[in-house]
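Remarks on the structure that follows.
These figures come from a predicted structure and were not determined experimentally.
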Amino acid sequence: AGTLSRDVDKNMALSLGFEGSIDDVFLSAKDPILASITNDGYKISPFIVRLGDGQIQSDLAMIKNEMRAKIVLEKLDLRPFIIFVPELPFTGLLDGKLLLNATPDAVDGELALVLSSIRYSDDGELIDPDFTVSADGKLNKKGVKIVGVARIIDLLDAQFSAELPLLIDAESNHILLQDDQPLKGELVWQGNLGPIWPFFDLVNHDLSGKVDTKLMVSGTIANPDINGHLRLAEGRYENLRTGFVAANIDMASIILNRHFSLEHFTANDGGDGDITAEATIDFNPDFTYQARGELNLSHAHLIRQPEIDVTASSNIILIKDASTTQISGDVTVENANVGAVTQGGPNIVDLEVREINSEGRETYNQETTSTHIGPFNLDLKFTAPGKLFIRSYGIDSEWKAAINMSGTSDAPIVAGSAELIRGTFEFSGKRFALTNGTCIFPTDGSNDPILDIRAEHKLVNFTAIIHITGRA
């Protein structure tokens with residue numbers, strides 16, 4: 001509830017009181033908030049707003065030749081703000097203060113903020129009881145200087161600093177971040193990537209390991225420069241949908257003048273398979289980028305699922321320009337076992353999985369609003385010279401195949417063929433020998449192969465024949 005009044009000089013006085021909830025968190029003004037609005041600006045008398053178990057105390061004034069602000073936060077619960085900022089990756093309790101006093105001749109201000117009880121925003125799970133992020137800053141006529149720390153004892157230590165050209169003009173009551181003035185920034189990060197990986201919100205991708213990073217930002221906001229290094233040791237990546245694993249990742253990269261170069265990358269597939277990679281990325285001032293990457297697999301497990309298990313070697317190249325991203329290359333399947341797979345889209349299987357990075361935190365393999373990687377244009381060639389075993393619905397067989405995949409990662413187009421090497425077919429209690437088999441994917445984009453399979457069972461006086469033809 002509130003009131004609004006206006007005097008003969010068109011000055012306004014506002015009184016506002018409220019009580020309710022946001023996302024089931026209690027919200028109220030302890031006393032009515034009083035504000036006066038004149039031709040010179042506005043003033044808001046000191047007030048307290050309660051949010052959950054926390055509160056905001058504030059005193060604001062923005063009038064001609066004066067800007068004054070005092071904001072004090074006590075255990076401010078960030079959960080309700082997800083309604084207004086859905087992409088917020090975490091919540092927590094925010095404590096601290098922001099002070100500002102500005103006149104045409106001087107600017108003086110400071111900030112001190114601490115975020116604790118930090119939780120994943122998707123399920124509210126506490127990341128770590130010791131996880132805190134703090135930031136302290138000073139404001140003057142030249143801008144703002146901020147230093148901060150994100151820390152989990154024995155797991156994560158990230159220190160950051162920034163000098164931003166923030167112009168505070170008390171005469172016009174304007175606050176402007178100047179994009180043509182020098183800026184400085186630095187991030188030094190050492191520790192385990194696992195606890196904060198969910199912040200990146202990548203569906204079905206899991207990454208952990210020991211990170212050693214130093215990044216320095218200079219230049220201007222309109223034309224920033226980034227330099228530094230990024231290293232990952234004892235890393236592990238897992239695709240939760242296909243079961244692909246890259247274990248014992250050892251990676252080193254450098255960034256110079258917005259050019260990223262992957263200097264070293266080795267890993268294994270959790271067994272005897274080897275993985276190497278190289279990559280370059282050139283960032284534009286607006287942080288769009290062009291990239292080229294090459295991934296080499298040697299006898300690596302590509303898919304680990306109950307219905308499909310594939311080991312292969314490959315050379316895969318990714319190229320990204322301003323408008324498209326393409327994946328191309330050759331994959332040689334050295335051994336594959338295929339069971340009964342439901343016909344349909346590109347999904348392999350849906351599994352309930354528990355994230356490996358934090359105890360008690362469960363992540364389910366389901367479609368959400370999380371970040372989706374792609375789509376990519378495809379130009380891939382798959383070759384299986386043999387040892388492509390299909391065992392389902394009574395069939396026990398070995399095949400060879402040559403398949404091309406084009407289209408996009410969201411709508412792949414499969415062409416090529418598979419040819420029977422040998423096999424048997426159990427039918428009505430009898431074992432039939434597979435004597436001929438072809439599976440041809442036409443070039444019509446249907447991804448629906450044409451089958452021609454013949455099986456024989458020889459008896460004393462006659463031979464029983466089963467002949468299967470047509471679309472799968």
Side-chain angles (χ1 to χ4, degrees), residues 21-27 48-60 69-100 109-139 144-164 166 175 177 185-202 208 211 213-215 217 355 357-361 363 370-371:
S21 64
I22 302 177
D23 196 24
D24 296 327
V25 177
F26 179 72
L27 172 70
I48 296 176
V49 172
R50 291 173 174 166
L51 184 64
D53 295 328
Q55 64 180 26
I56 305 171
Q57 300 182 53
S58 186
D59 179 8
L60 301 172
K70 179 181 179 181
I71 302 173
V72 179
L73 309 175
E74 297 180 13
K75 291 182 170 52
L76 183 67
D77 193 341
L78 297 185
R79 283 181 300 160
F81 294 93
I82 295 177
I83 293 177
F84 309 104
V85 189
E87 37 308 306
L88 192 69
F90 56 84
T91 65
L93 300 180
L94 188 61
D95 292 87
K97 63 181 179 180
L98 172 63
L99 306 176
L100 173 64
E110 64 177 287
L111 65 88
L113 300 171
V114 178
L115 183 64
S116 60
S117 300
I118 303 174
R119 300 174 180 270
Y120 300 106
S121 60
D122 57 354
D123 60 7
E125 189 74 27
L126 187 67
I127 296 174
D128 189 287
D130 297 320
F131 189 17
T132 59
V133 179
S134 61
D136 296 280
K138 294 288 186 181
L139 292 86
V144 57
K145 294 183 179 180
I146 300 173
V147 295
V149 175
R151 179 171 290 140
I152 303 176
I153 297 174
D154 297 328
L155 285 178
L156 172 69
D157 186 5
Q159 303 174 41
F160 57 90
S161 63
E163 296 182 20
L164 303 176
L166 187 68
I175 298 177
L177 192 59
E186 183 175 273
L187 170 65
V188 178
W189 174 18
Q190 293 178 325
N192 197 322
L193 176 62
I196 68 166
W197 175 252
F199 292 166
F200 296 96
D201 207 22
L202 295 173
S208 62
V211 175
T213 297
K214 183 174 183 179
L215 298 176
V217 179
E355 182 167 340
N357 286 328
S358 60
E359 295 181 2
R361 171 172 164 78
T363 301
S370 302
T371 304

**Request:** Determine, step by step, whether Ile82 and Asp23 satisfy the side-chain contact (heavy atoms from CB on, under 4.5 Å) criterion, reporting the C-alpha distance in whole Å, the side-chain angles of both residues, the deciding distance to 0.1 Å, and the verdict.
**Result:** CA-CA 9 Å; Ile82 295 177; Asp23 196 24; 5.8 Å; no
Report yes if the side chains of [X] and [Y] come closer than 4.5 Å at any heavy-atom pair, otherwise no.
{"X": "Ile22", "Y": "Ile83", "value": "yes"}
{"X": "Val149", "Y": "Asp157", "value": "yes"}
{"X": "Leu27", "Y": "Pro80", "value": "no"}
{"X": "Asp77", "Y": "Leu93", "value": "yes"}
{"X": "Val144", "Y": "Ile146", "value": "yes"}
{"X": "Thr213", "Y": "Gln190", "value": "no"}
{"X": "Asp53", "Y": "Lys75", "value": "no"}
{"X": "Trp189", "Y": "Ile196", "value": "yes"}

**More than 12 heavy atoms from other groups under 6.0 Å of CG on Leu88** = yes
**Request:** Output all residues satisfying ring pair (Phe, Tyr, Trp, His ring centres under 6.0 Å) with Phe131, sequence neighbours left out; order by chain, then residue number.
**Result:** none
Distance-minimising heavy-atom pair for [X] and [Y]:
{"X": "Ser134", "Y": "Phe160", "result": "O-CZ, 3.7 Å"}
{"X": "Gln55", "Y": "Ile48", "result": "OE1-CG2, 3.6 Å"}
{"X": "Lys214", "Y": "Val188", "result": "CG-CG2, 4.0 Å"}
{"X": "Leu111", "Y": "Leu98", "result": "CB-CD1, 3.9 Å"}
{"X": "Leu99", "Y": "Lys70", "result": "CD2-CG, 3.5 Å"}
{"X": "Pro195", "Y": "Ile127", "result": "O-CG2, 3.8 Å"}

From [atom1] ([X]) to [atom2] ([Y]), nearest 0.5 Å:
{"X": "Phe81", "Y": "Leu94", "atom1": "CZ", "atom2": "CG", "value": "8.5 Å"}
{"X": "Asn192", "Y": "Ile152", "atom1": "CG", "atom2": "CD1", "value": "8.5 Å"}
{"X": "Leu113", "Y": "Lys97", "atom1": "CG", "atom2": "NZ", "value": "10.5 Å"}
{"X": "Arg50", "Y": "Glu74", "atom1": "CZ", "atom2": "CD", "value": "10.5 Å"}
{"X": "Ile71", "Y": "Ile56", "atom1": "CD1", "atom2": "CD1", "value": "8.0 Å"}
{"X": "Leu73", "Y": "Leu115", "atom1": "CG", "atom2": "CG", "value": "11.0 Å"}

**Prompt:** Has the side chain of Ser121 got a donor or acceptor atom that lies under 3.5 Å from a matching backbone atom of Pro89?
**Reply:** yes
